[in-house]
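First up is the structure itself, then whatever we jot down about it.
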Amino acid sequence: KMYTVAIVGATGAVGTQMLACLEEQQFPVGNLKLLASPRSAGKVIETPWGAVTIEAAASEAFDGVDIVLGAADDDVALALYPEAVKRGAVVVDNSHAFRLDPDVPLVVPEINAADALDHKGIIANPNCATIIGLVPTWPLHQLAGVTRMIVSTYQAASGAGVPGMRELEEQIGCMGRGEEMPAPRAFAAQLASNLIPQIGGEKFEGFTSEEMKLQNEGRKIMHLPNLRVNCTCVRVPVLRSHSESITLEFERDITLEQAREALAAAPGVKLVDDLDAQSPHDRWPMPLDTSDQDLIWVGRVRRDISNPDELRGITFWCCGDQIRKGAATNAVQIAKLLVE
Ligand code: 2RA
C-alpha cells in the first residue's frame, strides 16, 4: 500500500529533515504534500517524489491525507491536527501540544513502540532532550529499575531551528573577524563562546518548561509514574547535537560491567567509551561526531561514586543529533510503525 503523506512545517530544520528521513527509511510514499506558512506557499521543492509546490497549512489541505508529520509549533498543532484527524489522517506531532494528553501516545520506538498503536489519531514525538536521554537510560532501567535521574543538558543552537543555527554561525564569524556582534535574536544573549543556562520559561519551583519535560515525558514513555528527575537545561555554542550528563539511581544492583554490556547491545545506542583510545573520536562522544546520524553515542560510563549504595548508581555522557533522532528520525520511525 502507498500512502499520502503531508509534512507540516516543511521548510523548517525538522520538516526538511523529515523529508530526507522518509526517503532514507524507504517510507511507502504514494503522494507527498508539503505544508507551511502562507509566506512559503507557492515555493517549489525538489523531492524524491518529484517537484512539490508548498501549500499553506490549512484544514482542507488534509483531505485525502493518510499520515501527517507535524514539524510546526504548538499553536499550529492545536489548531490543525484535530482537523486533520477528522479528515481521516493519523498525525505524528513533534510539537509539545499533545505530549502529556492521556489520549495521545508519546513514543520512542526503542522503548514503547507498542504504545503507538493505541492511538486516537494523534501520536506525539517527545522533546529532543527527552529522546536523547532516554534511549540509553532505557536498557539500564530494564536491567536494574531506574528510580531517579540527575541530568544536565548541553543543548545545540538547532533547538531554536534554522534561525538559531544561523545566529550562532554569524556570531562565530564575527568573532573570527574581530567584528562587532549583532544583537541576539534567537537566544536571550550571545551564544558564541558563552553558555545560556535557561531554555523555556520558569515552570515549577525554579525549573524551566524544558527541564520539566524530562520528568513529565520520561514518566509517561517508560510508564514510571514515580520517576524522580532533576534536570538542568543549558544552551551551548554547538550547531545541531545535544549532549547530556546523566546520573541514574536504581532499585536493584547493577555493576559497571553490566551497564556497559547493556549499553553496547542497546538498540539506537553506540558505545564510545575508551579513555586510552588513540583518537579522541574513539574516546568519548562529541557533538560534532554525532551530527547528521541517528544513533545516540554513549561514553564516560562509570559507577556513581557519590551513591551511598555501591551498586545502585551509574553516570554516563551521551550525544545525539537534535534534528534527526531528537525529532525527525524518531517521528518517521513512529510513522513506519503505524504502516507496518
Ligand atoms: C530546544 N528542545 O532545544 C527545545 C526545542 N527544540 O530548544
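Residue numbers run from 1 in the order of the sequence given. Both counts, for ligands and for their atoms, begin at 1 and track the order of listing.
Counting the atoms of ligand 1 from 1 in the order shown, those under 4.0 Å from a heavy atom of His242 are 3 (O). Of all atoms in ligand 1, listed by their number and element, those nearer than 4.0 Å to a heavy atom of Gln155 are 1 (C), 2 (N), 3 (O). Close contacts between ligand 1 and Asn127 involve ligand atoms 2 (N), 4 (C) [criterion: under 4.0 Å to a heavy atom]. Every atom of ligand 1 is numbered from 1 in the order shown, and the set under 4.0 Å from a heavy atom of Gln322 is 6 (N).
Residue contacts with ligand 1: Gly159 is placed with a nitrogen or oxygen under 3.5 Å of a nitrogen or oxygen of the ligand (distance criterion only).
No hydrogens or angles considered: a donor-acceptor pair under 3.5 Å links the side chains of Asp294 and Thr329. At a cut-off of 3.5 Å, with distance as the only test, no side-chain donor of Gln155 or Glu244 sits close to an acceptor on the other residue. There is a side-chain donor-acceptor pair under 3.5 Å between His223 and Asp115.
If you run side chain to side chain donor-acceptor pair (under 3.5 Å) between Ser158 and each of Gln17, Gln322, Arg240, only Gln322 comes through. When Asn307, Thr315, Asn230 are each tested for a side chain to side chain donor-acceptor pair (under 3.5 Å) with Thr247, only one passes: Thr315.
Of all protein heavy atoms, the one lying nearest to atom 4 (C) of ligand 1 is Glu210 OE2, 3.3 Å. With respect to atom 7 (O) of ligand 1, the closest heavy atom belonging to the protein is Arg235 NH2, 2.6 Å.
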For the pair Thr153 and Cys231, evaluate side-chain contact (heavy atoms from CB on, under 4.5 Å) and give the outcome as yes or no after the intermediate values. CA-CA 8 Å; Thr153 72; Cys231 186; 4.0 Å; yes
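The closest approach between Ala129 and ligand 1 stays at or above 4.0 Å for every heavy atom of the residue.
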